[in-house]
Amino acid sequence: MSNDGRKKEVVGIIGAGISGLLACKYCLSKGFDPIVFESESSIGGVWTKTIENTKLQTPKPLYQFSDFPWPGSVTEMFPDQHTVLEYIESYASRFDLLTRIQFNNKVLNLSYESGRSETDAISWTGEWMSKGKWNVTVQHTPTLSIKVYQIDFVIVCVGRFSQVPNIPEFPPNKGPEAFEGKVIHSMDYSKMDSATATNFVKGKNVAVVGFQKSGLDIAMECSTVNGVEHPCTVVIRTPHWNLPDYFPWGFPMAKLYLNRFSELMVHKPGEGLLLYLMATILSPLRWGFSKFVESHIKHKLKLSKYGMVPDHSFLNELSACLVSTVPEGFYDRAEEGRLKLKKAKKFGFSKEGIVLEGQDEPIKSDLVILATGFNGIDKLKHIFESPKYQEFIAGSDDSAAVPLYRECIHPQIPQLAIIGFSESIANLYTSEIRCRWLAELLDGKFKLPSMKVMEKDIAEWDKYKKRYSKKYYRRSCIGALHIWHNDQLCKDMGWNPKRKKGLWAEWLEPYGPMDYAGPI
């Protein structure tokens, strides 16, 4: 591929959320003319349809574009959803990305034409454009018309948290069909504007199932609308180490978990003997850091009083990318009686409401909102027409984590990358360096190793995820090793992975987006 002028190869990007915009920007920087297919009428992904009181979960310095800082007018450390969306829209305008986006165009499926048997081994080595084409079937949602595009390289940026809700399984006659009230998923609630959502819950006995960010935010909105007259019940299946703030006992969280020294305490994929010994020797300190944070959360939120102390460690929470911040005043509302917290691993429905495991009396409800997350792997799997590629994504029994080299490339799916599916402590930050890495790959600056080497690396990362994320390993979180992950990307690109000035800063100062503003 020539570096002079625009490149002839067609790059198709699915989704105009954070990852899709970044992929578009960095493809443009390398001379490609990408096409972005967006099923909605606007950019921003999950930020376009979210709960009114939702705020940024990550401190603002960790959630910003490396070449487009937050404007000085935004002074809050955790901006609200409207401010975040304005920031994303400003980024798209600054780099003229909107002209590349085909709005209201939903990708129905992807099929690959290689000119040979699908069962033949596909090699990622060599020229990436020499193999075949992707047929991208797209529906224009206002007219329902169908068009098939031939694309040389596809970048899938559909994310985890949309479209396919995760609905718990229930025994016969114990599901929503047994309930006389209304049951919706948090996805449907998030689509409502503020006035509609208020009227929807007003005067009703509402039960919210879930204790992650959506569940917390919806419960806060319901308690604001209904007060103590109709308290909102929050059903918690798994207590979590949700944070009251990012300064445990006054110490910055970033200095505990976002620097190189903190990663010395964690066993790493592909580590040598020295790093293995360091992680083993420092394991008491790793335990101590986790207990330090846990003690702060327990003290500040009075978790013992409510029986909400998790069984797992804070490090497990961080390693699974499950850390959420508790809305201000959440437990105060529990004290006032505007919120009722109920813990149960399983629940079902009766005519009158929710029945918790081990209890006979139902929680009488008019409305149940399932804040039970999304089935992102199912959504990703079914974008492929080929059953073989579906199995590559989800495994033969739908139990595997998505096996991606550098959390971007499946070794057996050619001319395609998946960005923004694997999680981290700040998804914008991580998606940006992955998009830069991918753009350098497409531009021929480096080549991928053999399939055998890639699969070995994926297996090492899978082992790490199962060790530290435990039952949540399918989230493919690199939260506790984001610097180690970025080091690998930097080395591939020919960048110096050591981004700080001075030994002290390199090991003890937190890493963030601005450390990867460019090669050094």
### Task
Show your reasoning for whether side chain to side chain donor-acceptor pair (under 3.5 Å) applies to Arg338 and Thr224.
CA-CA 8 Å; Arg338 288 196 277 176; Thr224 298; 5.2 Å; no
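In this structure, Arg160 is positioned above the aromatic face of Phe421, its NZ or CZ under 6.0 Å from the six-membered ring centre and within 45° of the axis.
In this structure, CG in Asp492 is found 8.0 Å from CG in Leu448, a value given to the nearest 0.5 Å. In this structure, the separation between CG on Leu428 and CD1 on Ile433 is 12.5 Å, given to the nearest 0.5 Å. Note: Lys364 NZ to Glu352 CD = 5.0 Å, rounded to the nearest 0.5 Å. To the nearest 0.5 Å, atoms CD1 (Ile14) and CD1 (Ile383) are separated by 4.0 Å. The NZ atom of Lys465 sits 10.0 Å away from atom SG of Cys321, with the distance rounded to the nearest 0.5 Å. Atom CD1 of Ile236 is separated from atom CG of Leu341 by 4.5 Å, given to the nearest 0.5 angstrom.
In this structure, a donor-acceptor pair under 3.5 Å is absent between the side chains of Thr48 and Glu40. Donor-acceptor pairing under 3.5 Å is lacking for the side chains of Gln139 and Asn105. Between the side chains of Arg474 and Ser469, no donor-acceptor pair of N or O atoms lies under 3.5 Å. In this structure, a donor-acceptor pair under 3.5 Å is absent between the side chains of Ser319 and Asn316. If you check the side chains of Asp378 and His382, you find a donor sitting under 3.5 Å from an acceptor. A side-chain donor from one of Thr430 and Ser424 sits under 3.5 Å from a side-chain acceptor of the other.
Ring-plane geometry between Tyr389 and Phe384 is classed as perpendicular, the angle between the planes exceeding 60 degrees on a 0 to 90 degree scale with a lower cut at 30. Between Phe200 and Tyr189, the ring-plane angle classifies as tilted under the 30° and 60° cut-offs. Ring planes of Phe78 and Tyr246: parallel class, angle under 30° (limits at 30 and 60°). Ring planes of Tyr112 and Trp134: tilted class, angle from 30 to 60°. Using bins of under 30°, 30° to 60° and over 60° for the plane-to-plane angle, the ring pair Trp461/His485 lands in the perpendicular bin.
Between the side chain of Thr372 and the backbone N or O of Asn166 there is at least one donor-acceptor pair closer than 3.5 Å. Proximity of a side-chain donor or acceptor of Gln81 to a complementary backbone N or O of Thr54 within less than 3.5 Å is not detected. Of the possible polar contacts, none joining the Ser19 side chain to the Ser431 backbone as a donor-acceptor pair under 3.5 Å is found. A distance-only check finds a donor-acceptor pair linking the side chain of Glu263 to the backbone of Trp484 [under 3.5 Å]. Glu38 places a side-chain N or O within donor-acceptor distance of the main-chain N or O of Ala16, the cut-off being under 3.5 Å. Side chain of Arg333 to main chain of Met220: a donor-acceptor pair is present (N/O by atom type, distance under 3.5 Å, no hydrogens or angles). Under the 3.5 Å distance criterion, the side-chain polar atoms of Asn205 are left unmatched by any main-chain donor or acceptor of Asp366. With His240 contributing its side chain and Leu322 its backbone, the two residues share no donor-acceptor pair below 3.5 Å. Judged purely by atom type and a 3.5 angstrom limit, Gln415 uses its side chain to pair as donor or acceptor with the backbone of Asp152. With Gln150 contributing its side chain and Lys133 its backbone, the two residues share no donor-acceptor pair below 3.5 Å.
Closest approach of Ser39 and Thr141 over heavy atoms only: O-OG1, 4.1 Å. Across every non-hydrogen atom of Trp241 and His312, the tightest pair is NE1-O, 2.7 Å. Nearest heavy atoms, Lys379 versus Val158: NZ-O, 2.8 Å. Listed here is the closest heavy atom pair of Lys343 and Pro239: CD-CG, 3.6 Å. Residue Gly44 comes nearest to Leu85 through the heavy atom pair CA-CD1, 4.0 Å, listed as atom of the first residue, atom of the second, then distance. Residues Pro411 and Pro403 approach most closely at CD-O, 4.0 Å, considering heavy atoms.
Within 6.0 Å of atom CD in Glu328, 12 or fewer heavy atoms from other residues, nucleotides or ligands are found, so the atom counts as exposed in its surroundings. Atom NZ of Lys106 has 12 or fewer heavy atoms from other residues, nucleotides or ligands within 6.0 Å.
A salt bridge links Arg475 with Glu423: the closest approach of a Lys/Arg side-chain nitrogen to an acidic carboxylate oxygen falls below 4.0 angstrom. In summary, Lys351 and Glu180 engage in a salt bridge, as defined by a charged side-chain N under 4.0 Å from a carboxylate O. We find that Asp217 and Lys55 are not joined by a salt bridge, their nearest charged nitrogen and carboxylate oxygen being 4.0 Å or further apart.
SG distance check for Cys222 and Cys232: not under 2.5 Å.
Checked against the 6.0 Å centroid threshold, His267 and Tyr468 do not count as a close aromatic pair. Taking the six-membered ring wherever Trp is involved, the centroid distance between the rings of Tyr63 and Tyr87 does not fall below 6.0 Å.
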